[in-house]
Amino acid sequence: MAMRLWQVRRHLDSFARKDPFWAVLTTDGKEANRWKIEEFFASGLNEVDAALAKVRVRLPTMDRRHALDFGCGVGRISQALARHFDHVTGVDISAEMLVQARHHNRHGDRVDYQHNAAEHLGRFADGTFDLVFSVITLQHLAPEYSRRYIAEFLRICAPGGAVYFQLTAGTVRPARRSWYPPTVAKNIWRRINAYLALYPTMEMNSLPRAEVEAIVRAAGGEIVWVDDSHGAGTAFESCVYLARRA
Ligand SMILES: C[S@@+](CC[C@H](N)C(=O)[O-])C[C@H]1O[C@@H](n2cnc3c(N)ncnc32)[C@H](O)[C@@H]1O
């Protein structure tokens with residue numbers, strides 16, 4: 001059973017209190033607060049530089065006024081986007097993540113962090129952002145939510161702007177029904193934990209590429225480029241989509 005948004009929020013708040021950097025990048029050996037802050041934020045700089053180079057080639061006239069980082073966590077990507085855009089807004093469902101993000105902000109009021117626990121991005125008017133950016137976030141949401149957020153990305157993207165997002169496309173197999181007692185016990189424990197967030201966890205979800213492209217088109221967008229080279233053939237097969245308003 002996929003987590004509801006309020007459950008995602010509870011789990012991420014709990015993660016943010018215990019081990020916020022590892023909750024964002026679950027690299028082996030970096031758990032238990034072992035990420036070095038400079039190294040962690042440097043990964044964001046590299047990722048954003050590489051992504052924007054790809055965007056620039058395909059959408060060279062994109063303006064650099066205002067970018068949105070959806071699912072900003074502790075601000076790894078937002079901070080990096082601030083080197084390229086006049087203003088960056090980071091939104092996150094976890095207020096605790098945003099406490100960390102504000103603490104690590106190095107760009108003053110050029111970066112603002114906003115809490116959004118809604119299923120939509122109604123707080124932003126149509127055409128607000130030159131770039132809407134989101135990585136390693138939609139994959140943690142049930143498809144009913146990611147479908148809606150993707151459509152919202154297109155709505156809040158300015159004409160001439162870009163929407164750049166990543167989402168797992170592989171088949172995440174639903175848990176099989178089983179009456180084997182240890183499996184039953186494990187499933188009961190999972191359900192209890194999903195509600196109580198005793199041990200924070202993040203679910204993996206995915207949407208097939210064809211469906212994502214259809215959502216973009218239905219929202220008045222146009223797919224510019226898709227990179228499907230990540231984890232091909234594995235459960236974590238992932239696509240990066242670059243879209244614009246048609
Ligand atoms: C794995 S972290 C990635 C953070 C950031 N994108 C990065 O790459 O550094 C995922 C973040 O998405 C946030 N998130 C999950 N669901 C969200 C939603 N519905 N709206 C906004 N943020 C959400 C989580 O709280 C968490 O901070």
Side-chain angles (χ1 to χ4, degrees), residues 24-25 41-73 75-91 107 110-111 121 124-141 143 146-170 206-234 236-246:
V24 170
L25 286 185
F41 280 98
S43 73
L45 296 176
N46 294 337
E47 198 168 327
V48 164
D49 284 353
L52 288 185
K54 290 170 190 158
V55 174
R56 213 174 291 133
V57 169
R58 291 161 178 98
L59 298 173
T61 58
M62 179 185 73
D63 279 328
R64 303 291 182 115
R65 287 182 299 251
H66 198 173
L68 176 75
D69 177 16
F70 175 80
C72 62
R76 189 179 71 98
I77 297 292
S78 309
Q79 293 295 295
L81 286 172
R83 298 209 314 183
H84 299 269
F85 287 81
D86 299 340
H87 195 95
V88 178
T89 297
V91 288
H107 297 277
R110 287 206 304 112
V111 177
L121 297 171
F124 303 118
D126 295 6
T128 301
F129 299 100
D130 300 306
L131 175 70
V132 178
F133 195 100
S134 183
V135 290
I136 50 176
T137 295
L138 293 174
Q139 64 188 24
H140 298 306
L141 297 174
S146 42
R147 285 185 191 112
R148 183 146 183 209
Y149 287 127
I150 294 168
E152 285 285 77
F153 293 169
L154 272 301
R155 180 184 66 76
I156 62 179
C157 176
V163 176
Y164 180 104
F165 64 97
Q166 168 273 333
L167 178 54
T168 26
S206 65
L207 279 183
R209 172 175 170 174
E211 184 178 351
V212 173
E213 295 192 8
I215 295 166
V216 167
R217 282 193 297 273
E222 184 187 340
I223 293 282
V224 175
W225 170 72
V226 180
D227 178 4
D228 62 359
S229 63
H230 305 278
T234 73
F236 297 109
E237 187 176 335
S238 184
C239 286
V240 171
Y241 301 89
L242 175 63
R244 67 175 165 196
R245 269 165 73 157

**Asked** If you round to the nearest 0.5 Å, how far is CG of L138 from OG1 of T168?
**Response** 8.5 Å

**Request:** Please round to the nearest 0.5 Å and tell me the distance separating atom CG of D228 and atom OH of Y241.
**Result:** 8.5 Å

**Prompt:** Going by heavy atoms in the side chains, are S43 and L25 under 4.5 Å from each other?
**Reply:** yes

**Message:** Rounded at 0.5 Å granularity, tell me how far CG in L167 sits from CD in E237.
**Reply:** 11.5 Å

**Message:** One pair to check against side chain to side chain contact (heavy atoms under 4.5 Å, CB included): R209 and I223. What are the steps and the verdict?
**Reply:** CA-CA 11 Å; R209 172 175 170 174; I223 293 282; over 6 Å; no

**Prompt:** Do F129 and V163 have side-chain heavy atoms sitting under 4.5 Å apart?
**Reply:** no

**Asked** Which word best sums up how the rings of Y149 and F70 line up, parallel for under 30°, tilted for 30 to 60°, or perpendicular for over 60°?
**Response** tilted

**Message:** Within this structure, what is the CG-CZ distance for the pair L52 and R64, rounded to the nearest 0.5 Å?
**Reply:** 6.0 Å

**Asked** Between K54 and V240, does a side chain to side chain contact (heavy atoms under 4.5 Å, CB included) hold up when you go through it step by step?
**Response** CA-CA 11 Å; K54 290 170 190 158; V240 171; over 6 Å; no

**Message:** In the structure I gave you, are the side-chain heavy atoms of V224 and L59 within less than 4.5 Å of one another anywhere?
**Reply:** yes

**Prompt:** Closest heavy-atom contact between A219 and A151?
**Reply:** CB-CA, 3.8 Å

**Complete:** In this structure, CZ of R245 is separated from CG of D126 (nearest 0.5 Å) by 6.0 Å

**Item:** Side-chain touch H84/V55, heavy atoms, less than 4.5 angstrom
**Value:** no

**Item:** Closest approach of A158 to G127 (non-hydrogen atoms, all atoms of both residues)
**Value:** CB-O, 3.5 Å

**Where C72 and G90 come nearest, the two heavy atoms and their spacing** = SG-C, 3.6 Å

**Message:** F165 vs V132, test: side chain to side chain contact (heavy atoms under 4.5 Å, CB included). Steps then yes/no.
**Reply:** CA-CA 8 Å; F165 64 97; V132 178; over 6 Å; no

**Message:** Looking at R65, I want to see if its CZ is surrounded by more than 12 non-hydrogen atoms of other residues, nucleotides or ligands under 6.0 Å.
**Reply:** no

**Asked** Taking the six-membered ring for Trp, are H87 and H66 parallel (under 30°), tilted (30 to 60°) or perpendicular (over 60°)?
**Response** perpendicular

**Message:** Quick check: closest heavy atoms across R155 and L121, and the distance to 0.1 Å?
**Reply:** NH2-O, 3.0 Å

**Item:** Considering all heavy atoms, the nearest P143-S206 contact
**Value:** CG-O, 4.0 Å

**Prompt:** Any idea which heavy atoms bring F85 and M62 closest together, and the distance?
**Reply:** CZ-CE, 3.8 Å

**Prompt:** If we only count heavy atoms from C-beta on, is the H107 to V88 side-chain gap below 4.5 Å?
**Reply:** no

**Side-chain heavy-atom pair L207, I215 within 4.5 angstrom cut-off** = yes

**Prompt:** Is the shortest heavy-atom distance from the side chain of E211 to the side chain of R147 under 4.5 Å?
**Reply:** yes

**Request:** Before giving the answer on side chain to side chain contact (heavy atoms under 4.5 Å, CB included), spell out for F153 and V216 the whole-Å C-alpha distance, their side-chain angles and the decisive distance to 0.1 Å.
**Result:** CA-CA 9 Å; F153 293 169; V216 167; over 6 Å; no

**Asked** Do V135 and E47 have side chains that get closer than 4.5 Å, going by heavy atoms?
**Response** yes

**Item:** Spacing of CD belonging to Q79 relative to CG belonging to D69, to within rounding of 0.5 Å
**Value:** 10.0 Å

**Prompt:** Would you find a donor on one side and an acceptor on the other, under 3.5 Å apart, between the side chain of R110 and the backbone of R83?
**Reply:** no

